[in-house]
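Working notes, structure below.
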Number of protein chains: 2
Amino acid sequence: MLTVERHQRILQLLQEAKTVKIHELVEMLQASESTIRRDLSQLEKEGKLKRLHGGATLFQRKREEPSLVEKASRKLSEKNTIAAYAASLVERGDCIYLDAGTTAHQMIAHLDAADIIVVTNGLNHVKALLDKGIETYVIGGYVKPRTEAFIGQGAMNSLRHYRFDKTFIGVNGLHPAYGYTTPDPEEAAVKALALEQGQETYVLADHTKFYETAFSLIADLSTAVILTDGEVVEGLEDFQEHTKVVTIK
Amino acid sequence: MLTVERHQRILQLLQEAKTVKIHELVEMLQASESTIRRDLSQLEKEGKLKRLHGGATLFQRKREEPSLVEKASRKLSEKNTIAAYAASLVERGDCIYLDAGTTAHQMIAHLDAADIIVVTNGLNHVKALLDKGIETYVIGGYVKPRTEAFIGQGAMNSLRHYRFDKTFIGVNGLHPAYGYTTPDPEEAAVKALALEQGQETYVLADHTKFYETAFSLIADLSTAVILTDGEVVEGLEDFQEHTKVVTIK
DNA sequence: TAGAATTGAATGATTATGATTGATTTTGAT
DNA sequence: ATCAAAATCAATCATAATCATTCAATTCTA
C-alpha cells in the first residue's frame, strides 16, 4: 500500500471514531508497527492529528480553557461550520435521524430547537444528546467495534419502524456519476435506508470528499441535499445538475 | 482503553451524576483502583474535577456533603461474587442476554468464555464488552435518561428478533407471592420479554432484595433461577418452593 | 544497475498499569 | 469526646505495554 494511501486511511478512520489505537491500525492497514508509528509522527508533524500513548486522536486546537475572547471568536467561527448550519435546519417538533460519525456528532452542540426527537445509530452520540436534554432513540443491531455504530440486519429492521422529518448523514465520497459512497457495505445499507425514511435528506460533506469514491454505494446524488463548506470546488456544477448544493461560508 | 478515553468517560460520568465513587469507576471502566486514582489526581491537577474522599465531584460544585462513602462496600463485593458465578455459567459459543444495570455489568469482567455473543439493553455495558473483544448486539429503543437503558416499543420489537441460550437480569425485589418486581413498568416489560426469549434464565439478586417488592411485576418466581449470595435469608424455603435458588458463598 | 526511499525487526528507554504496603481518614459505637 | 474497625489514600514496586532509535533488507526510481 502506498504511503499517502495509508495516511489517508488513517485520517479517515479518525474521522469515524476520533481515536484509533496503534494495534487497530496495524491490523487494518496490514503494516508493521514501525511503519504505523512513522505515519503517525509524520501526520502529527503536519498538524493533522495528535499522538497519544497507544494511539492517536483528531487534532483539535488547545481545548484548554479558552479565554473569553477566544471563546467568542470560536463561537463565531463555529456558526459557519457545516454542522452548525445543518443543526439550524432542525425546527421545533422535528424528528430527525442523525448518522454515526464525528461530522454528525458536531451537530449535537448546535441542536437548540425545542421538542425535537433524535434517532441515531451512533452509540457515542447518545450521552451528548441526553446532556442536551434531547429525547433520544437508538436503532439496535450489531455494534461495529471501532466506531461503535449500529449496523446489520437488526439495525435495518429497527430503522424501518421510523420516519424522519429530516435525515442527516455523512459520507466518504460523492461523485456525479457514482453518487454517495462509503467503505463499509453494511454502513452504506443503513445510510441508504435512513435516507429513504427521511422527508428532507441532507448529506454533510466538506470539500475534500468531492469526486472521491469509496467501495460501497449509498445512493444517487439526487436523493439528498448536499451541505458543504466554502472552499472552491472545481466542477461544482456537475453536482448541482443532480441535486441542490448548499455552500456554507 | 486509551488513557484519554478513560479520562473522557470519567468526566462524562461526572457530568451525569455530579459525583462518582472510585469503586463505581473501577467497575464501569474495567480498570484497577490504582489507575483510577492516578486518573483522578491528574484530572484534578488539570482543574477538571475535584477529588474527595471516596470519589470525585465536578469542580464548580458548591460546598456540599463532602462524604460519599457508602455503607454498601460489603454489598458490592457480594454482588461481585454473584456476578462472577453467573458469568461462569456462560459457555463457549453461547448467546446471552445481559440486562442493563450494575449487577449485570459486573458480569462482564468475568465473561471469559470464547466465541460468545452478548445482546444487551444497557448502553454502558457496550464499551466494556467491546474492550473484552466480545461480539455485541444492542436492542434499540427509547433511551431512558437516568439509567441509560433502552426501553419502549422499539426495544421490545428488537428483542423479539433474538433468542438466547441464557438470560441474565437484575431485579429490585423478589417475593414468593408477588414474583420479581422493578419500579419502572417499561423496564419490567423488557425484562419479562428477555426472560421469555431465553432458554435458561437467571435472576441476579443479593439477599437484600428478598421479600422486597417494587411497583411493576416482571414475572413469577418460577420463570427464572435465582442467584444470590451466602447471607442467610429467613424463609428461603418459600422461594425454593417456586424455583431453584443457587446460593453462592 | 546504483542510489534513494521505505519498510520491518530488534534494542533499550520510557510510560502505563496493577498489586502491595503502611499511613490517613471516616464511621459507628461507646 | 474517644476509640476501634473499616475504608480510603499515597507511595512504592514489579510487570507489561508502548515508544524512539537504529540497522539491515527490501522496494522504488532514476
Side-chain angles (χ1 to χ4, degrees), chain A residues 1-10 13-14 19-46 48-57 59 146, chain B residues 1-11 13-14 17 19-46 48-57 63-81 84 102 106 108-110 112 127-128 130-133 206 208 229 231:
Chain A
M1 184 185 293
L2 241 42
T3 306
V4 269
E5 197 179 340
R6 227 175 28 241
H7 287 193
Q8 269 189 319
R9 286 205 60 196
I10 291 174
L13 289 165
L14 272 174
T19 63
V20 262
K21 299 195 226 324
I22 295 252
H23 283 301
E24 290 175 344
L25 291 172
V26 168
E27 192 183 341
M28 280 187 287
L29 306 184
Q30 296 290 319
S32 74
E33 203 178 289
S34 302
T35 301
I36 299 296
R37 286 187 194 290
R38 267 186 288 260
D39 289 341
L40 291 185
S41 58
Q42 187 178 338
L43 287 168
E44 180 172 48
K45 221 173 287 172
E46 294 170 15
K48 306 248 177 72
L49 54 79
K50 179 152 175 52
R51 296 188 68 182
L52 343 139
H53 201 87
T57 184
F59 187 81
R146 213 185 64 80
Chain B
M1 186 185 300
L2 249 35
T3 306
V4 275
E5 282 182 296
R6 221 175 35 239
H7 288 190
Q8 298 255 49
R9 289 199 66 198
I10 290 175
L11 294 173
L13 288 166
L14 214 42
T19 65
V20 272
K21 299 182 196 60
I22 296 248
H23 279 298
E24 288 175 351
L25 292 173
V26 169
E27 183 190 320
M28 288 290 300
L29 307 182
Q30 303 283 322
S32 74
E33 200 179 292
S34 301
T35 300
I36 298 296
R37 286 186 194 289
R38 266 185 291 259
D39 288 341
L40 290 185
S41 59
Q42 188 179 338
L43 287 169
E44 180 172 48
K45 220 173 288 175
E46 294 171 15
K48 306 239 174 79
L49 55 78
K50 181 152 178 53
R51 293 187 71 181
L52 25 98
H53 198 85
T57 184
R63 28 137 86 231
E64 297 195 12
E65 82 287 36
S67 167
L68 25 88
V69 184
E70 204 179 6
K71 188 185 177 69
S73 85
R74 178 142 142 274
K75 185 169 158 187
L76 216 141
S77 69
E78 282 163 3
K79 265 189 177 176
N80 197 38
T81 310
T102 55
Q106 286 185 302
I108 298 173
H110 305 285
D112 296 321
K127 288 244 186 211
L130 293 179
D131 280 346
K132 272 243 156 190
D206 63 79
T208 65
D229 56 69
E231 289 291 318

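Proteins get letters first, then strands, A, B, ... in listed order; numbering begins at 1 in each. Note that these values count all heavy atoms, side chains included, but never hydrogens, waters or copies made by symmetry.
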Q. Do the side-chain N or O atoms of A:R6 get closer than 4.0 angstrom to the phosphate oxygens (OP1, OP2) of C:dT6?
A. no

Q: Could you list the residues that satisfy side-chain contact (heavy atoms from CB on, under 4.5 Å) with B:T35, not counting sequence neighbours?
A: B:R6, B:A31, B:S32, B:R38, B:D39

Q: Please list, chain by chain and in numerical order, all residues satisfying salt bridge (charged side-chain N to carboxylate O under 4.0 Å, His left out) with B:K50, sequence neighbours excluded.
A: none

Q | side-chain contact (heavy atoms from CB on, under 4.5 Å) partners for A:L40, two or more places apart | A | A:I10, A:I22, A:L25, A:I36, A:L49, A:R51, A:A56

Q.
Suppose we screen for side-chain contact (heavy atoms from CB on, under 4.5 Å). Which residues come up paired with A:R146, at least two apart in sequence or across chains?
A. A:L13, A:E16, A:A17, A:V20, A:E24, A:M28

Q: Please report, rounded to the nearest Å, how far the P atom of C:dA16 is from the NZ atom of A:K21.
A: 16 Å

Q: Locate the shortest heavy-atom distance separating B:A109 from B:K132; write the atom from each residue and the value.
A: O-NZ, 3.0 Å

Q: Can you tell me the distance, in whole Å, between the CG atom of B:D39 and the C1' atom of C:dG18?
A: 13 Å

(Q) Less than 4.5 Å apart, side chain to side chain, heavy atoms only: is that true for A:R9 and A:M1? (A) yes

Q. Per the end-axis method with five pairs at each terminus, what is the bend angle of the helix from C:dT1-D:dA30 to C:dT30-D:dA1, to 10°?
A. 40°

Q. Quick one: side chain to side chain donor-acceptor pair (under 3.5 Å) partners of B:D131, sequence neighbours excluded?
A. none

Q) Among all residues two or more places apart in sequence or in another chain, which pass the side chain to side chain donor-acceptor pair (under 3.5 Å) test with A:E33? A) A:R37

Q: Look at B:S32 and C:dT17 and indicate whether a side-chain polar atom (N or O) is within less than 4.0 Å of OP1 or OP2.
A: no

Protein N or O to nucleotides 24-30 of chain D N or O, pairs below 3.5 Å:
none

Q. Taking B:Q8 for the side chain and B:E5 for the main chain, is one N or O donor matched with an acceptor at less than 3.5 Å?
A. no

(Q) Looking at every non-hydrogen atom in both residues, tell me the closest pair between B:L2 and A:H53 and how far apart they are. (A) CD1-O, 3.8 Å

**Q.** Non-neighbouring partners of A:E46 that pass side-chain contact (heavy atoms from CB on, under 4.5 Å), sequence neighbours left out
**A.** A:Q42, A:L43, A:K48

Q) For the pair made of CG in A:L2 and P in C:dA5, what is the distance, rounded to whole Å? A) 16 Å

Q. When the distance from CD of B:E5 to P of C:dA16 is rounded to whole Å, what number comes out?
A. 15 Å

Q: Return no unless some side-chain N or O of A:T3 is found under 4.0 Å from OP1 or OP2 of C:dT7.
A: yes

Q) If the sugar-phosphate is the primed atoms plus P, OP1 and OP2 and the base is the rest, what is the B/S/- string for nucleotides 9-23 of chain D, using protein heavy atoms under 4.0 Å? A) BS-------SBS---

